[in-house]
Amino acid sequence: MAETDNHPTNFIRQIIEKDLAAGVHDTIKTRFPPEPNGFLHIGHAKSICLNFGIAADYQGTCNLRFDDTNPVKEDIAYVNAIKEDVNWLGFSWDGDVRYSSDYFEQLHGYALELINKGLAYVDFSSQDEMREMRGTLTQPGKNSPYRDTDVATNRREFEKMTAGEYAEGQCSLRAKIDMASPFMCLRDPVIYRVKFAHHHQTGDKWCVYPMYDFTHCISDAIEGITHSLCTLEFQDNRRLYDWVIENISIDCTPRQYEFSRLNLEYTVLSKRRLIQLVEEHHVDGWDDPRMPTIAGLRRRGYTPASVREFCKRIGVTKMDNMVEMSMLEACIRDDLNVAAPRAMAVLNPIKLVIENFPQGQVETLSAPNHPNDESMGKREIAFSRELWIEAEDFREAANKKFKRLVLGKEVRLRNAYVVKAERVEKDADGNVTVVYCQYDPETLGKDPSDGRKVKGVIHWVDATSGEEAEFRLYDRLFNVPNPAAEENFTDVINPDSLVVKKGIVEAGLNENPASGGWQFERTGYFCLDKTSTAALKVFNRTVGLRDTWAKIGD
RNA sequence: UGGGGUAUAGCCAAGUUGGUAAGGCAGCGGGUUUUGAUCCCGCCAUUCGUUGGUUCGAGUCCAGCUACCCCAACCA
């Protein structure tokens with residue numbers, strides 16, 4: 001099987017290879033066609049990677065086309081956000097951005113052609129009457145009394161519709177197909193409706209707007225799309241797609257192929273629900289780092305490469321699926337593990353005082369930016385008598401499974417010396433606030449010369465130079481794997497999806513590194529949030545480190 | 001007997017002239033390690049929704065069942 005550029009093959013690529021080999025097409029052309037009625041999410045990333053990826057791998061091109069046939073739901077703000085997201089993912093569309101609305105004039109002409117062929121009619125039935133006449137899944141529908149209106153009358157009525165002489169809901173243009181078809185979408189579907197709405201692209205030029213099924217196939221044909229890829233719920237619609245193309249005068253026959261949409265555990269991936277989360281303020285906005293939106297993932301610290309890798313790993317099939325979050329997390333960890341410089345931060349600080357270290361002295365230590373990659377260089381970090389360490393890295397007593405600092409025992413301070421805890425100071429509640437210790441000056445960069453084995457290593461931040469910072473730790477947005485299956489999905493929102501910590505970070509982390517973020521050793525991958533200021537740095541935890549210890553418990 | 005789809009491990013997914021079940025994620029052992037990380041090594045489907053049939057041989061072909069998803073917006 002051909003695997004272009006390490007892309008695993010899939011049934012759609014196989015169809016394309018077959019078409020190319022058989023000479024059905026010389027070059028292939030795809031399109032990514034979002035409706036600008038919300039932000040893009042990780043499910044769209046799957047479609048984007050598929051469409052643009054195929055174009056790139058088979059020397060074809062891919063258009064970005066806004067499917068903007070319903071002005072009341074759409075907004076220019078969404079078209080801008082979508083363009084940004086596609087670019088951020090690393091893809092470039094062919095030529096200018098397209099809009100279905102670019103073709104309103106042509107679409108209107110094709111509607112007229114259908115009318116002239118006796119294949120479309122203006123129906124003055126109400127929506128209720130139409131539903132009544134449509135029949136059910138098991139019973140055929142009944143013909144509308146307007147179905148046999150003559151061509152001339154239909155032409156005149158459609159022009160009146162277009163001229164704004166009928167109110168919204170008063171009439172619609174329908175394709176004349178088959179009221180007894182087992183495909184519900186073939187039971188004389190509405191192809192134009194009246195809407196006195198301002199359109200973000202065409203302004204107030206139109207008061208009739210074409211429906212999706214009529215628009216999409218024609219837009220594809222106009223643009224010379226060879227393979228029109230969409231999700232499974234449009235499988236029935238393909239019959240209508242093909243019917244329209246066959247019945248109008250257009251010399252291009254795009255083919256539609258359907259793949260299954262992505263489902264991710266512990267989140268929701270439908271625009272309707274995402275919009276609800278934003279509008280009801282369950283989250284901070286479309287780019288809230290807990291959101292599965294591209295903007296949310298970006299702010300959370302996911303890299304474009306990690307999202308592309310995820311899309312590659314999940315594959316493309318027609319099977320319904322529910323992908324585990326661990327799959328996504330593995331992708332960002334793999335990326336950041338090799339690319340992110342290391343640093344140290346203490347999220348839940350207590351004081352560590354080194355009693356045999358001279359008061360007022362500050363030593364400069366050197367620390368590698370990456371333990372396995374010397375080319376990433378070193379940095380200087382301050383070390384003095386008082387440091388911050390994590391509260392959970394110290395215990396007054398513990399068994400030997402606890403490889404951290406214990407009273408009377410030794411531990412290695414990462415990139416520094418071995419220290420031995422001697423005594424503690426507690427607050428009124430009995431919480432340890434200060435640990436006093438002795439350090440072994442002979443242990444910088446080497447093990448104790450007497451052969452003592454010090455297994456544990458903990459991170460720290462120098463108290464004289466460390467900066468206070470806010471750390472935002474994220475967890476899954478929902479408490480159940482499939483919130484969409486819930487009666488009311490907002491009932492299962494995880495109340496602890498965001499935990500804010502006030503801690504200390506080493507100095508010098510002023511802007512995100514090229515990799516996108518840092519690894520704060522032993523605590524996870526972090527990036528500076530857009531709300532970060534010079535006065536108070538704010539870090540988002542992109543994802544934690546794989547934590548075997550947490551699983552074992554203690 | 002409405003129609004359209006899909007069934008391979010906990011999850012994703014290869015398998016396409018029938019020849020004896022890839023890979024990834026997760027998990028479990030072990031090694032290295034100044035991150036309980038990384039890295040390395042090993043384990044993880046006698047079986048492909050199910051029941052029959054054809055065949056020397058079936059995940060792949062045939063028939064019957066079963067389960068799940070989608071379709072009755074002037075949404076996309």
Side-chain angles (χ1 to χ4, degrees), chain A residues 1 8-11 14 33-35 37 67 69-70 72-73 123 125-127 130-131 134-141 168-174 180-187 189-195 208-209 211-213 215-216 230-239 258 260 265 271-272 312-331 333-334 337-338 342 344 367-368 370-372 401-404 411-416 418 443 445-447 454-459 519-524 544-552:
Chain A
M1 270 317 108
T9 186
N10 59 52
F11 77 100
Q14 290 169 4
E35 181 185 18
N37 65 344
D67 218 342
T69 58
N70 190 358
V72 304
K73 285 190 171 181
D123 197 324
S125 305
S126 69
Q127 260 183 87
M130 277 179 54
R131 182 170 354 99
R134 191 153 32 231
T136 69
L137 295 177
T138 53
Q139 287 165 206
E168 288 186 18
Q170 196 176 350
C171 60
S172 61
L173 182 69
R174 295 227 262 167
S181 173
F183 294 99
M184 296 303 292
C185 65
L186 255 29
R187 317 248 264 225
V190 169
I191 57 176
Y192 261 92
R193 77 288 219 189
V194 177
K195 266 185 204 289
V208 291
Y209 290 95
M211 299 288 287
Y212 163 83
D213 284 299
T215 307
H216 204 94
C230 63
T231 44
L232 249 30
E233 65 269 26
F234 292 99
Q235 288 176 118
D236 286 0
N237 300 252
R238 184 175 69 241
R239 278 70 184 188
E258 311 86 12
S260 55
E265 281 191 343
K271 255 184 214 171
R272 184 210 116 207
K312 185 191 288 189
R313 291 187 191 181
I314 59 175
V316 177
T317 68
K318 300 176 81 129
M319 292 189 258
D320 290 331
N321 60 78
M322 177 69 73
V323 176
E324 291 176 349
M325 199 58 92
S326 63
M327 187 88 92
L328 218 208
E329 293 173 342
C331 294
R333 286 198 188 105
D334 282 357
N337 175 47
V338 308
R342 311 286 121 129
M344 293 196 284
H370 193 113
N372 311 320
K401 282 201 306 186
F402 186 76
K403 306 195 317 186
R404 308 181 190 183
V411 79
R412 159 78 62 183
L413 292 177
R414 178 71 167 160
N415 297 131
V418 167
T443 55
K446 55 182 190 247
D447 288 331
V454 179
K455 283 296 280 182
V457 179
I458 63 172
H459 61 277
Q519 182 197 95
F520 290 160
E521 291 190 274
R522 304 209 313 132
T523 68
L545 261 28
R546 187 165 159 272
D547 191 353
T548 315
W549 170 250
K551 267 174 248 172
I552 296 167

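Numbered from 1 within each chain, the chains take letters A, B, ... in sequence-line order.
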Subject >> Side-chain heavy-atom pair A:Met211, A:Tyr192 within 4.5 angstrom cut-off >> reply: no
**OP:** Please answer whether B:rG36 and A:Trp549 are stacked, defined here as ring centres separated by less than 5.5 Å and planes angled under 30°.
**Re:** yes
**OP:** Take atom CG of A:Asn321 and atom C1' of B:rG10, then tell me their distance rounded to the nearest Å.
**Re:** 15 Å
Subject >> A:Leu232 side chain reached by A:Asp320 side chain, heavy atoms, under 4.5 Å >> reply: yes
Subject >> Inter-nucleotide P distance (B:rG5, B:rU47), Å rounded >> reply: 32 Å
Original post:
Which one, B:rA73, B:rC25, B:rC71, comes nearest to the side chain of A:Met211?
Top reply: B:rA73
**OP:** Report the base-pairing partner of B:rU33 (Watson-Crick or G-U wobble, both distances below 3.5 angstrom), or none.
**Re:** none
Original post:
Taking a pair as Watson-Crick or G-U wobble with both distances under 3.5 Å, which nucleotide is matched to B:rA21?
Top reply: none
Original post:
Minimum heavy-atom separation for A:Ser125 to A:Met130, with atom names?
Top reply: CB-CG, 3.8 Å
**OP:** Starting from C1' on B:rA37, measure out to CG on A:Asp334 and report it in whole angstrom.
**Re:** 12 Å
Subject >> Nucleotide paired to B:rG2 in any strand shown, Watson-Crick or G-U, under 3.5 Å >> reply: B:rC71
Subject >> Pairwise C1' distance, B:rA13 and B:rG4 [rounded to whole Å] >> reply: 24 Å
Original post:
What is the nucleic acid contact for A:Asn37, judged by heavy atoms within less than 4.0 Å: base, sugar-phosphate only, or nothing?
Top reply: nothing
**OP:** Starting from P on B:rC75, measure out to CD on A:Glu168 and report it in whole angstrom.
**Re:** 10 Å
Original post:
Base, sugar-phosphate, or nothing: which does A:Gln127 touch, judged by heavy atoms less than 4.0 Å apart?
Top reply: base
Original post:
For atom C1', what is the distance between B:rG49 and B:rC56, given to the nearest Å?
Top reply: 28 Å
Original post:
Rounded to whole angstroms, how far apart are CD on A:Gln235 and P on B:rG5?
Top reply: 6 Å
**OP:** Please determine, for the side chain of A:Arg238, which listed nucleotide (B:rG5, B:rC74, B:rA76) has the closest atom?
**Re:** B:rG5
**OP:** Look at all strands and tell whether A:Lys195 reaches a base, only sugar-phosphate, or nothing, counting heavy atoms closer than 4.0 Å.
**Re:** sugar-phosphate
Original post:
Using the C1' atom in both, what is the distance from B:rC44 to B:rG3, to the nearest Å?
Top reply: 42 Å
Original post:
Pick one for B:rA72: is it syn, with its angle within 90° of 0, or anti?
Top reply: anti
Report all interatomic pairs (protein N or O, nucleotide N or O of nucleotides 26-28 of chain B) with separations under 3.5 Å.
unit_1 : atom_1 : unit_2   : atom_2 : d
B:rG27 : OP1    : A:Lys551 : NZ     : 2.1

Original post:
Starting at CE of A:Met319 and ending at C1' of B:rG59, how long is that distance when rounded to a whole Å?
Top reply: 12 Å
Check: residues 322-331 of chain A side-chain donor-acceptor pairs under 3.5 Å, at least two apart:
none

**OP:** Starting at atom CD1 of A:Ile458, determine the distance to atom C1' of B:rA37, rounded to an integer number of angstrom.
**Re:** 16 Å
Name the pairs: protein N/O against N/O of nucleotides 65-70 of chain B, kept only if under 3.5 Å.
unit_1 : atom_1 : unit_2   : atom_2 : d
B:rC69 : O4'    : A:Asp320 : OD2    : 3.2

Original post:
Using the P atom in both, what is the distance from B:rU20 to B:rU6, to the nearest Å?
Top reply: 27 Å
**OP:** Provide the distance between the two C1' atoms, one in B:rA45 and one in B:rU35, to the nearest whole Å.
**Re:** 36 Å
**OP:** Among the candidates B:rG2, B:rA72, B:rC12, find the nucleotide nearest to the side-chain atoms of A:Arg134.
**Re:** B:rA72
Using atom names, set out every protein N or O paired with an N or O of nucleotides 32-35 of chain B below 3.5 Å, distance rounded to 0.1 Å.
unit_1 : atom_1 : unit_2   : atom_2 : d
B:rU34 : O3'    : A:Arg414 : NH1    : 3.2
B:rU34 : O2'    : A:Arg414 : NH1    : 2.1
B:rU34 : O2     : A:Asn415 : N      : 2.9
B:rU34 : O4     : A:Arg412 : NH1    : 2.9
B:rU34 : O4     : A:Gly445 : N      : 2.6
B:rU35 : O2     : A:Gln519 : OE1    : 2.9
B:rU35 : O2     : A:Arg522 : N      : 2.9
B:rU35 : N3     : A:Gln519 : OE1    : 2.4
B:rU35 : N3     : A:Glu521 : OE2    : 3.4
B:rU35 : O4     : A:Arg342 : NH1    : 2.4

Original post:
Do A:His459 and A:Arg414 have a side chain donor and acceptor closer than 3.5 Å?
Top reply: no
Original post:
Is A:Thr443 reaching over with its side chain to a backbone N or O of A:Lys446, donor-acceptor style, under 3.5 angstrom?
Top reply: no
**OP:** Under a 3.5 Å limit for both distances, which nucleotide forms a Watson-Crick or G-U wobble pair with B:rC43, could you say?
**Re:** B:rG27
Original post:
Hey, which of these two, A:Thr317 or A:Gly456, hits RNA chain B nearer its 5' end, going by closest nucleotide?
Top reply: A:Thr317
Original post:
For A:Ile314, which contact category applies under a 4.0 Å heavy-atom criterion: base, sugar-phosphate, or nothing?
Top reply: sugar-phosphate
Original post:
Please give, in whole Å, the distance from B:rA72 P to A:Arg187 CZ?
Top reply: 11 Å
Subject >> OH on A:Tyr212 to SG on A:Cys185, rounded to 0.5 Å >> reply: 10.5 Å
**OP:** Only counting residues at least two apart or in another chain, list the ones meeting salt bridge (charged side-chain N to carboxylate O under 4.0 Å, His left out) with A:Asp123.
**Re:** A:Arg174
**OP:** Would you kindly give the CD-to-P distance between A:Glu265 and B:rC25, to the nearest whole Å?
**Re:** 17 Å
**OP:** Measure the SG-CD distance between A:Cys230 and A:Gln235 for me, rounded to the nearest 0.5 Å.
**Re:** 8.5 Å
**OP:** Look up atom CZ in A:Phe520 and atom CZ in A:Arg342, then write down how far apart they are to the nearest 0.5 Å.
**Re:** 12.0 Å
**OP:** Considering only atom P, compute the distance from B:rU60 to B:rU50 and round it to an integer number of Å.
**Re:** 11 Å
**OP:** Could you tell me whether A:Glu258 and A:Arg238 have a side-chain N and a carboxylate O separated by less than 4.0 Å?
**Re:** yes
Original post:
Is A:Ser125 touching bases, backbone alone, or none of the nucleic acid, heavy atoms closer than 4.0 Å?
Top reply: base
Original post:
Is there a donor-acceptor pair under 3.5 Å between the side chain of A:Ser260 and the backbone N or O of A:Thr317?
Top reply: yes
**OP:** State whether the side chain of A:Arg131 and the backbone N or O of A:Ser126 hold a donor-acceptor pair below 3.5 Å, judged by distance alone.
**Re:** no
**OP:** Find which nucleotide of RNA chain B each of A:Ser260 and A:Tyr192 is nearest to by heavy atoms, and output the residue with the more 5' nucleotide.
**Re:** A:Ser260
Original post:
With side chains defined as the heavy atoms from C-beta onward, is the minimum distance between A:Arg522 and A:Ile458 less than 4.5 Å?
Top reply: yes
Subject >> salt bridge (charged side-chain N to carboxylate O under 4.0 Å, His left out) partners of A:Asp334, counting only residues at least two apart >> reply: A:Arg313
Original post:
When rounded to the nearest Å, what value does the distance between P atoms of B:rU46 and B:rG23 take?
Top reply: 16 Å
